[in-house]
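Model, not experiment: these values are computed from the prediction. Just so it is clear: chains get the letters A, B, ... in the order the sequence lines come, proteins before strands, and each one is counted from 1.
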Number of protein chains: 2
Amino acid sequence: MAGPHTLGETERQVVDRVGQLPLDYAAMAVVSNLFRASNAVRNHLERTVLSSQNMSWTAFVVLWVTWIWEPIETRNVALESGISKATLTGVLTTLEKRGWVTREKSETDGRLVLVRMTPAGRELMQALFPEFNLEEQRVVESIDAGTLDTFADLLRAVTASVEPAASSPDEPPSSQDR
Amino acid sequence: MAGPHTLGETERQVVDRVGQLPLDYAAMAVVSNLFRASNAVRNHLERTVLSSQNMSWTAFVVLWVTWIWEPIETRNVALESGISKATLTGVLTTLEKRGWVTREKSETDGRLVLVRMTPAGRELMQALFPEFNLEEQRVVESIDAGTLDTFADLLRAVTASVEPAASSPDEPPSSQDR
DNA sequence: CCGAAGTTGTTCGGGTACGAACAATGTATA
DNA sequence: TATACATTGTTCGTACCCGAACAACTTCGG
């Protein structure tokens, strides 16, 4: 959405198409670059780090969430990973098939399913995550270290303005799939 | 990846799992929040604006790129949209099926395919894009107006650090699929 | 207690999403 | 002007990705 063309050039072209409609170009720039950056980073990390394990970005995120919080209920895995519960079902099946996680029905609540790492899954993450973090570092290396926290806060502000409900930590907002 | 848990709480838990390995938590926060924000905004816009046309985010981006730059070669649509050419083939088939764009072989180069809007496609974008931009505005409304440009620049810096090659505008970097 | 209302994970259908392999086409080299 | 080399869009296989509908289960109101 912000490809090889100049900013001004794109804007001029947009004005030509939209006509006199008033547009917020600053907001447009942020949203389009948000996606460009997100896509670029995901694909980069998939190619440099995750491809060695034939793993997708989402699979890695789910594995990471499970690694950090296990045992964890699937609804919370979906919440933490930022994917829908429908998507999670498929991803978990994949991860289970590869022997990295296990599913287990809750004893106290028959509706819930708990996810745990296998030893193989834990070994994998112990080796893979430092490598992943090193590449994360490379992705932001051109940005002044003192600015990184501000950057993260700006991103949190965007997320918050879209997902208003967020009561207290450790107590997810009532019930939404994502 | 940065769900209902506190920042410090997640960090403490990560330390517990990773052990003594040195990690860049600032970089980690930026990358994970980049994806959280990106996902949240995409899903929000799909639900609020795009669902009326039963359109996905990617379909909208492709339609937008075509709208702004038509007639445009498919390789450049993929480049501007930030998706692979393989993905584009499927999306274009969908958009063509719905009567919003057309495919046309280039007369000067038999390998190229040109994409154009149909009148119906143009009408749709003329109505949909202002609505879309209004929602983009809402997504960043909590951010100080003077900071938006800086924000966009930070996002561009991330993209640039991952996709280093970028010669001159109007002249895509030799040949990469995305 | 017992039916209504709510919650949870799965299934289903349609649509992305990628890399690799491919055939068609264009270009460069000798 | 052949013959290698490069480029382009499509196809293929596999893996997401979501909303809607669903069955299993829990909880709440009377």
query = When you check the gap from the basic side-chain N to the acidic O, do B:R122 and B:E70 get nearer than 4.0 Å?
reply = yes
task = Answer yes or no: does a side-chain N or O of B:R111 lie under 4.0 Å from OP1 or OP2 of D:dT10?
result = no
ask   = Hey, does B:G110 reach any base, or is it just sugar-phosphate, or nothing, if we go heavy atoms under 4.0 Å?
value = sugar-phosphate
key: Shortest non-hydrogen contact from A:I83 toward A:V62   = CD1-CG2, 4.0 Å
ask   = What is the distance from CZ of B:R42 to P of D:dC18, rounded to the nearest Å?
value = 6 Å
inquiry  = Can you pull out the residues from residues 94-104 of chain B that lie within a 4.0 Å heavy-atom distance of DNA chain C?
reply    = B:T94, B:R98
query = Could you give the CG-to-P distance, from A:L114 to C:dT8, as a whole number of Å?
reply = 13 Å
query = Rounding to a whole Å, what distance do you find between A:K105:NZ and D:dA24:P?
reply = 10 Å
message = Measure CG/B:N43 against P/C:dT16 and give the value in whole Å, please.
response = 14 Å
Exercise: do B:R103 and B:T93 side chains pair donor with acceptor under 3.5 Å = yes
ask   = Base, sugar-phosphate, or nothing for A:T74, non-hydrogen atoms under 4.0 angstrom?
value = sugar-phosphate
Sugar-phosphate only, base, or nothing, as touched by B:S56 at under 4.0 Å among non-hydrogen atoms = sugar-phosphate
query = Distance check: side-chain N/O of B:T87 vs OP1/OP2 of C:dC18, anything under 4.0 Å?
reply = yes
ask   = D:dC25, D:dG19, D:dT10: which one has an atom nearest the side-chain heavy atoms of A:S84?
value = D:dG19
ask   = Between atom NZ in B:K85 and atom P in D:dC12, what is the gap in whole Å?
value = 16 Å
ask   = Taking atom C1' of D:dT7 as reference, at what distance in whole Å does atom CZ of B:R75 sit?
value = 8 Å
B:R111 versus B:S106, side-chain donor and acceptor atoms under 3.5 Å = no
query = B:F60 CZ to C:dT16 P: how many Å, rounded?
reply = 14 Å
task = In whole angstrom, give the distance that lies between atom CG of A:L112 and atom P of D:dA24.
result = 17 Å
query = Side chains of B:T147 and B:T150: donor-acceptor distance under 3.5 Å anywhere?
reply = no
remark   = Between A:A86 and A:A59, the residue closer to the 5' end of DNA chain D by nearest nucleotide is A:A59
task = State, without any angle test, whether B:D16 and B:Q13 hold a side-chain donor-acceptor pair at a distance under 3.5 Å.
result = no
inquiry  = Apply ring-ring contact (aromatic ring centres under 6.0 Å, His included) to residues B:W57 and A:F35 and explain how you reach the verdict.
reply    = CA-CA 11 Å; B:W57 170 267; A:F35 279 89; 4.2 Å; yes
